[in-house]
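Here is the structure we will look at.
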Amino acid sequence: MLRFSLIVPVYNRPTEVEDLCKSLLGQSSKNFELIIVEDGSTITCETIVNEAIAKGLNAKYYFKDNEGRSIARNYGLEHASGEYFVFVDSDCVLPCNYFKTLETELDKTHLDCFGGPDAANDNFSDIQKAINYAMTSILTTGGIRGGKIRMERFVPRTFNMGYSRTVYDKLGGFREMFSEDIDMSTRIRNAGFTIGLIRPAYVWHKRRINLIKFFRQVYVFGMSRITLRLLYPGSLKLVHTLPAFFVLGSLALIFLAIFVSPWFLAPLAVYFTAILFGAILSTKSFKVALLAIPASIIQLSGYGLGFLKAWFIKILLGKGRDINEEILIRKGK
């Protein structure tokens, strides 16, 4: 049995899959297989995957109707042969020692489920680096994603996550919902399995290529946090509410600055200055640091607005009481 099956759902991302395959061809450990599940794409990556197979990559390609990324992952799980199932996004690139690192760390400490951090590669665009900073900095709640400082118990995410065949045999695959990875990690933890962060097993994550797409992404993240709270009472922590407080607090300060005194903008100025200097230290680029300010504003405000909207509709108005009926559960068996 292979040690790892890397399962990647894809929708119209041939260029990204090409970069991913190149990084897999250069892995120092070959104890893995790649399973690409094309989820009804109109622009497929089949030719790219076949070219990588011809170069020696152990890979399988499947095409299916478009049903969503969770169902695509579950389809891949059905065709996987590894001891562990590993999940990354199609816009990720793996360092050459990624699977070797996983082998070493799992041999030292058994984990039923694991995850690693994400980072920006040197060849990423300035806006990608800025978005990466916004998503990983402690100044923007990025500490919840597996960084050096964490603000809550570690929860693996599917940009860099894996779990064992034993977990799959008991719990199955992912639910078709937003934040399906947090839901999966919660189910795994609640079932008594061990979960851990393997910090050296990082991935280079390209993320969204512009700020508009980034806003849409984090807006959905904010809405899904309320769904998770309804599914798992008690799972909502203070850190998850911080973006909502940022939105409300910023609006209050702007209102006071307009009608009382401009000095009420001082807290925001101090905060954005901290982001600027933090990004300079992290990225070593003044341009990226400048872009990190709007990226951080979008990260916080997008998440916060989505959170507030879902809280108002699903909790305050009580329209989330039948949340389990809204989620299509597909265990992939």
Check the surroundings of atom NZ in Lys60: do more than 12 heavy atoms from other residues, nucleotides or ligands lie under 6.0 Å from it?
yes

Q) Can Asp107 and Arg3 be counted as an ion pair, charged N to O under 4.0 angstrom? A) yes

- Task: Inspect the surroundings of CZ in Phe215 and state if more than 12 heavy atoms from other residues, nucleotides or ligands are less than 6.0 Å away.
- Result: yes

Exam field: side chain Glu16 to backbone Arg13, donor-acceptor pair closer than 3.5 Å
no

*Are Arg175 and Asp183 ion-paired here, with the side-chain N under 4.0 Å from a carboxylate O?*
yes

Return yes if some donor-acceptor pair links the side-chain N/O of Ser301 with the main-chain N/O of Ile297 below 3.5 Å, else return no.
yes

Residue pairs passing the side-chain hydrogen bond (donor to acceptor under 3.5 Å, both in side chains) test with at least one member in residues 17-29, sequence neighbours excluded, are Asp19-Lys206, Ser28-Asn97, Ser29-Glu103

Taking the six-membered ring of Phe174 (Phe, Tyr or Trp), confirm whether the NZ or CZ of Arg73 is under 6.0 Å from its centre and within 45° of its axis. yes

Checking the side chain of Glu33 only, and the main-chain atoms of Ser81 only, is there a donor and an acceptor separated by less than 3.5 Å? yes

What I want to check is whether the side chains of Tyr61 and Glu38 have a donor and an acceptor closer together than 3.5 Å. yes

Given 3.5 Å as the limit, does a donor-acceptor pair link the side chain of Lys319 with the main chain of Leu316, or not?
no

query: Salt-bridged, Glu180 to Arg69, with N to O below 4.0 Å?
result: yes

Item to check | Any donor-acceptor N/O pair, His79 side chain to Gly76 backbone, under 3.5 Å | outcome: no

* Asked: Would a distance-only check, ignoring hydrogens and angles, find a side-chain to backbone donor-acceptor pair under 3.5 Å from Thr140 to Ser137?
  -> yes

- So with a 6.0 Å cut-off around NZ of Lys309, is the heavy-atom count from everything else above 12? no

Q) For Glu83 and Ser164, what are the C-alpha separation, side-chain angles and deciding distance, and is it a side chain to side chain donor-acceptor pair (under 3.5 Å)? A) CA-CA 6 Å; Glu83 177 187 352; Ser164 69; over 6 Å; no

Point to revise | Validation row: His205, Met135 side chains within 4.5 angstrom (heavy atoms) | key: no

Residues at least two apart in sequence or cross-chain that pass ring pair (Phe, Tyr, Trp, His ring centres under 6.0 Å) with Phe286, listed by chain then number, are none

request  = Decide if the gap between the ring center of Tyr163 and the ring center of Tyr84 is smaller than 6.0 angstrom.
outcome  = no

Is the centre of the Tyr219 ring less than 6.0 Å from the centre of the Tyr303 ring?
-> no

*Does Lys64 come within less than 4.0 Å of Asp39, counting only side-chain N to carboxylate O?*
yes

(message) As a quick check of understanding, evaluate side chain to side chain donor-acceptor pair (under 3.5 Å) for Asp118 and Asn160, giving each step before the final call.
(response) CA-CA 7 Å; Asp118 52 353; Asn160 187 5; over 6 Å; no

